[in-house]
Every structure is written in structure tokens, then in C-alpha cells.
J.: 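One structure is given below, represented as C-alpha cells, and several questions about it will come after.
Throughout, residue positions are numbered sequentially from 1 according to the sequence presented.
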Amino acid sequence: MPPNAKKPMGQRIKDFVIDYKRQWEIQSMILPGIIFMIIFCYIPIYGLTIAFKNYTVIDTLSSAPWVGLDNFKIILSDEYFWDAVVNTLGISFLKLGIGFIIPIILAIMIYELNMGRFKKFVQTISYLPHFLSWIVLGGMLITWFSTSGLFNELLLNLGLISKPSNILLDSGKYWWIATLSDIWKEAGWGTILYLAIMSKIDPTYYEAAKIDGASRLRQIWNITLPNMKSIISLNLILTVSGLLGSNLDQTLVLMNSQNRARAEVINSYVYRMGMTQGDFSYATAVGLGVSIVSVILLVTANKITSKLNDNQSVL
């Protein structure tokens with residue numbers, strides 16, 4: 001049989017059984033993961049059928065009456081849903097435009113530090129917010145943004161404002177608050193993959209560049225960034241695929257009755273419709289639609305990135 005020829009199904013099953021018997025101890029280690037995925041990822045897929053039904057708490061998944069695409073038609077005419085879409089896209093694009101670049105810049109700055117102890121200190125400080133929950137960070141932000149909080153005191157002392165106000169009650173500022181607070185929490189953690197890739201770059205590249213008289217910025221542009229291309233592409237694909245997703249914990253903590261018009265995102269809207277108002281069919285339909293669009297964005301971003309990377313897909 002030619003090396004590239006596809007083996008018959010029976011032969012492939014036989015080869016799998018032989019490999020499993022030879023490495024059964026190692027192969028068995030993946031069984032808990034497979035069982036976990038089947039129970040919590042695949043079996044619940046059946047629950048998506050309630051997006052096409054009129055489901056209530058007194059119904060079972062099988063007894064609820066079918067309504068076809070009625071729930072999706074309601075979505076298209078729901079102005080509150082489209083307000084949530086606008087807010088989600090606005091915050092997501094801000095996070096994509098700013099939050100995607102900052103971890104790369106921060107990782108390069110940390111990598112370029114020569115002082116070992118200071119380098120570790122900077123890494124630790126930048127990682128720390130990631131390990132704090134949004135309940136803790138949200139409480140801190142609510143205090144800082146209050147009328148007598150840190151930010152108002154700072155702006156008053158700098159002469160930038162004449163009268164303090166509760167910043168979180170200003171809906172016009174919420175998108176920036178959500179974006180910058182998320183960057184503050186996750187930027188340091190986002191540097192880990194970049195630093196791991198940079199640590200594997202052959203130092204002789206930099207030595208040769210120094211001999212040729214290249215500056216540090218030129219070395220970063222011609223050596224560091226090209227070697228990070230694959231992981232940057234992968235993170236970009238995952239970020240683009242999550243444009244319709246948002247940080248539910250952050251939203252639930254920072255959203256209030258005054259900024260809801262600009263703070264309500266798709267995830268919080270689904271949560272409110274499903275858990276608060278009990279409209280499970282409608283909430284499931286919204287979630288299903290968002291998931292389908294996210295998959296389309298994932299595939300599209302992968303195709304575009306593969307074109308930019310000489311037709312080499314990173315997924």
C-alpha cells in the first residue's frame with residue numbers, strides 16, 4: 001500500500017486496538033476527560049431544542065410544544081436585543097483594538113528588561129489582577145469611581161474637573177471603563193504565551209543583528225515579532241471569534257440602573273431573559289444564534305490569517 005493511501009476502516013480500527021493495548025496505561029488517562037466532555041459538553045446539546053419550542057418550567061424537554069423559528073423571529077424584532085448587540089460589539093472592538101496590542105507590547109518590554117529581580121517583580125505585579133475575581137475588582141472600581149473615590153480626588157487635585165461625580169453612573173463612559181478595567185485585569189496574564197515564545201528565540205539572531213548595527217527597535221521588528229507571528233495569529237483568531245461574547249461577571253458587577261443602556265451586553269441579556277424572566281426558549285435561541293455567528297467568525301478569521309501566513313492555518 002502506498003504511504004499516502006488511506007487505510008480501510010477495519011485496518012484503522014485494528015491498528016488503534018494494537019496501539020491501545022501497547023500503551024493502555026497512558027491511553028487510559030484520557031478517559032476521564034472524554035467522559036467529562038460527553039456528560040457536560042455533548043449531552044447538553046440536546047437542550048438546544050428548546051430554542052425551537054415554547055418551553056416553561058412545568059414542561060420537559062420532550063413535552064414542550066414546537067414553535068419552529070418563532071423565537072428567532074422575535075429576536076429580530078426585539079430592540080433591546082439589538083441594543084445589547086451594539087454594546088457588545090462596541091466594547092469588543094475596543095478590547096480588540098487596545099487590549100490585543102497591549103499584552104504584546106508589555107511582553108516585549110518585560111523581555112527586554114535586563115535586571116532579573118525587577119523583571120520578576122514586574123511580571124508578578126502584572127499577573128496579580130488576573131487572580132482576583134470580578135467581585136473583588138468590581139468592588140474596588142465602584143469605590144474608586146464613587147463621588148468621594150480615588151479618581152474624583154485625583155481629577156479634582158489636577159484641576160481637570162470642578163465638581164465630583166459618580167463615574168459609573170455616566171453611561172457614556174461605560175464602554176471605556178469596561179475596556180480599560182478588563183485590560184488592567186488580563187494584560188499581564190496575556191503576556192505568558194508571548195514570553196514563552198520569545199524565550200525560545202535563538203540569541204545568535206540578536207548577536208548577528210548587533211554586529212550589523214541594528215538598533216533594539218530594529219531587532220524587535222525584524223526578529224522578535226516575526227518569531228511571534230504564529231501565536232499572535234492564533235490569539236487574533238480566538239479574539240475575533242469571541243467578538244459577540246463578553247465578560248458576564250464584569251457586566252453584572254459594574255452594571256447599574258443608570259448605565260444599563262450602554263452596559264447591557266448579549267451575555268447579560270441572555271442571563272436576564274433566562275434566569276430573571278424565565279423565558280428559557282428565547283434565551284436559548286439568542287445563545288444558539290450567537291454561537292453560530294461565533295463559529296462563522298472563527299472560520300473566517302482562520303481563513304484570512306492563513307492567507308496572510310502563506311496559506312498555513314494555525315488551527
J.: Hey, can you pull the donor-acceptor pairs under 3.5 Å for the side chains in residues 134-142, sequence neighbours left out?
T.:
none

J.: Is the closest side-chain heavy-atom distance between I167 and W144 below 4.5 Å?
T.: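 I167 vs W144: side chains apart.
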J.: State whether the side chain of T191 and the backbone N or O of G188 hold a donor-acceptor pair below 3.5 Å, judged by distance alone.
T.: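 Yes, T191 side chain to G188 backbone: donor-acceptor pair under 3.5 Å.
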J.: Check for a donor-acceptor pair, side chain of T305 on one end and backbone N or O of N302 on the other, with a separation under 3.5 Å.
T.: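 Checking the backbone N and O of N302 against the side chain of T305, no donor-acceptor pair under 3.5 Å is found.
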J.: Show me, pair by pair, the donor-acceptor contacts under 3.5 angstrom made by side chains of residues 32-55, not counting sequence neighbours?
T.:
from	atom 1	to	atom 2	distance (Å)
T49	OG1	Y46	O	2.8
K53	NZ	L61	O	2.3

J.: Tell me whether the count of non-hydrogen atoms from other residues, nucleotides or ligands lying under 6.0 Å of CH2 in W24 goes above 12.
T.: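 Counting other residues, nucleotides and ligands, CH2 of W24 stays at 12 neighbours or fewer.
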J.: Let's go through L89 and L244 carefully: what are the C-alpha distance in whole Å and the side-chain angles of both, what is the deciding distance for side-chain contact (heavy atoms from CB on, under 4.5 Å) to 0.1 Å, and is it a yes or a no?
T.: CA-CA 6 Å; L89 291 176; L244 290 182; 3.6 Å; yes
J.: For residues 149-162, which side-chain donor-acceptor pairs fall under 3.5 Å, sequence neighbours excluded?
T.:
from	atom 1	to	atom 2	distance (Å)
N152	OD1	S165	N	3.1
N152	ND2	S146	O	2.7
N152	ND2	S165	O	2.7
N157	ND2	E153	O	3.0

J.: For D19 and F16, indicate whether the former's side chain and the latter's backbone hold a donor-acceptor pair under 3.5 Å.
T.: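 No, D19 side chain to F16 backbone: no donor-acceptor pair under 3.5 Å.
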J.: Hydrophobic side-chain clustering at under 4.5 Å (ILVMFWY, transitive links): who's grouped with M29? Put none if nobody.
T.: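 Result for M29 is none, singleton.
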J.: Does T276 reach the main-chain N or O of M273 with its side chain, forming a donor-acceptor pair under 3.5 Å?
T.: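 Answer holds: no.
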J.: Would you say OH of Y127 has more than 12 non-hydrogen atoms from neighbouring residues, nucleotides or ligands within 6.0 angstrom?
T.: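 It does: Y127 OH has more than 12 such atoms within range.
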J.: Drop me the distance from D70's CG to S281's OG, to the nearest 0.5 angstrom.
T.: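 It is 10.5 Å, given to the nearest 0.5 Å.
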J.: Taking only residues two or more places apart in sequence or in another chain, which ones pass side-chain hydrogen bond (donor to acceptor under 3.5 Å, both in side chains) with Y80?
T.: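 Y80 satisfies side-chain hydrogen bond (donor to acceptor under 3.5 Å, both in side chains) with no other residue.
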J.: Heavy atoms only: give me the nearest S199-A196 pair and the separation to one decimal.
T.: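 Between these two residues, the closest heavy atoms are OG-O, 2.6 Å.
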J.: Taking side-chain hydrogen bond (donor to acceptor under 3.5 Å, both in side chains) as the definition, give me every residue that meets it alongside R272, ordered by chain and number, with sequence neighbours left out.
T.: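 Here the qualifying residues are E264.
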J.: Would you confirm whether W82, through its side chain, and S77, through its main-chain N or O, come within 3.5 Å as a donor-acceptor pair?
T.: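 No: the side chain of W82 does not pair with the backbone of S77.
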J.: Give a yes-or-no answer on whether the side chains of N87 and Y174 include a donor-acceptor pair shorter than 3.5 Å.
T.: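 Their side chains do not contain a donor-acceptor pair, so the 3.5 Å distance test is not met.
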J.: Check whether more than 12 heavy atoms from other residues, nucleotides or ligands sit under 6.0 Å from atom OH of Y20, and answer yes or no.
T.: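 Atom OH in Y20 is crowded, with more than 12 foreign heavy atoms closer than 6.0 Å.
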J.: What's the spacing between K185 NZ and D249 CG if we round to 0.5 Å?
T.: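 Nearest 0.5 Å value for the NZ-CG distance: 8.5 Å.
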J.: If you round to the nearest 0.5 Å, how far is OG of S92 from CG of N247?
T.: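 Going from the CG atom of N247 to the OG atom of S92 covers 10.5 Å.
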J.: Please list, chain by chain and in numerical order, all residues satisfying side-chain hydrogen bond (donor to acceptor under 3.5 Å, both in side chains) with T179, sequence neighbours excluded.
T.: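 Here no residue qualifies.
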J.: Taking atom CG of L298 and atom OG of S294, what is their separation to the nearest 0.5 Å?
T.: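 Nearest 0.5 Å value for the CG-OG distance: 8.5 Å.
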J.: Could you tell me which residues satisfy side-chain hydrogen bond (donor to acceptor under 3.5 Å, both in side chains) with T224, sequence neighbours excluded, listed by chain and number?
T.: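 Partners of T224 under the side-chain hydrogen bond (donor to acceptor under 3.5 Å, both in side chains) test: Y206.
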J.: Might you work through the side-chain contact (heavy atoms from CB on, under 4.5 Å) test for L236 and L96, ending with a clear yes or no?
T.: CA-CA 8 Å; L236 178 61; L96 177 63; 4.0 Å; yes
J.: Is there side-chain contact between N166 and Q258, with at least one heavy-atom pair below 4.5 Å?
T.: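 Not in contact.
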J.: List, by chain and then residue number, the residues other than L252 in its hydrophobic cluster (Ile/Leu/Val/Met/Phe/Trp/Tyr, side-chain heavy atoms under 4.5 Å); write none if there are no others.
T.: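 Joined to L252, directly or through intermediates: L248, Y271, M275.
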J.: Judged by atom type as modelled, is there a donor-acceptor pair below 3.5 Å linking the side chain of N259 to the main-chain atoms of R262?
T.: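 Checked: no pair found.
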J.: Within this structure, what is the CG-CG distance for the pair L234 and L193, rounded to the nearest 0.5 Å?
T.: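 These two atoms lie 8.0 Å from each other.
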J.: Has N227 got a side-chain atom pairing as donor or acceptor with D202's backbone, closer than 3.5 angstrom?
T.: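 Side chain of N227 to backbone of D202: no pair is present.
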J.: Sequence neighbours left out, what passes side-chain contact (heavy atoms from CB on, under 4.5 Å) with I18? Give chain and number order.
T.: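 Scan of I18 (side-chain contact (heavy atoms from CB on, under 4.5 Å), adjacent residues dropped) gives K14, R22.
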J.: Please verify the inter-ring angle class for F81 with Y269; under 30° counts as parallel, over 60° as perpendicular, anything in between as tilted.
T.: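 F81 and Y269: tilted rings.
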J.: Can you measure from CG (D182) to CD1 (I91) and round to the nearest 0.5 angstrom?
T.: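 The CD1 atom of I91 is 9.5 Å from CG of D182, to the nearest 0.5 Å.
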J.: Show the atom names and distances, to 0.1 Å, of all donor-acceptor pairs under 3.5 Å that link a side chain in residues 98-114 to residues at least two apart or in another chain.
T.:
from	atom 1	to	atom 2	distance (Å)
Y111	OH	M198	O	3.2
E112	OE1	R216	NE	3.1
E112	OE1	R216	NH2	2.2
E112	OE2	R216	NH2	3.0

J.: I'd like to check the side-chain contact (heavy atoms from CB on, under 4.5 Å) partners of T56; sequence neighbours left out, ordered by chain and number.
T.: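 Only I58, D59 meet the side-chain contact (heavy atoms from CB on, under 4.5 Å) criterion with T56.
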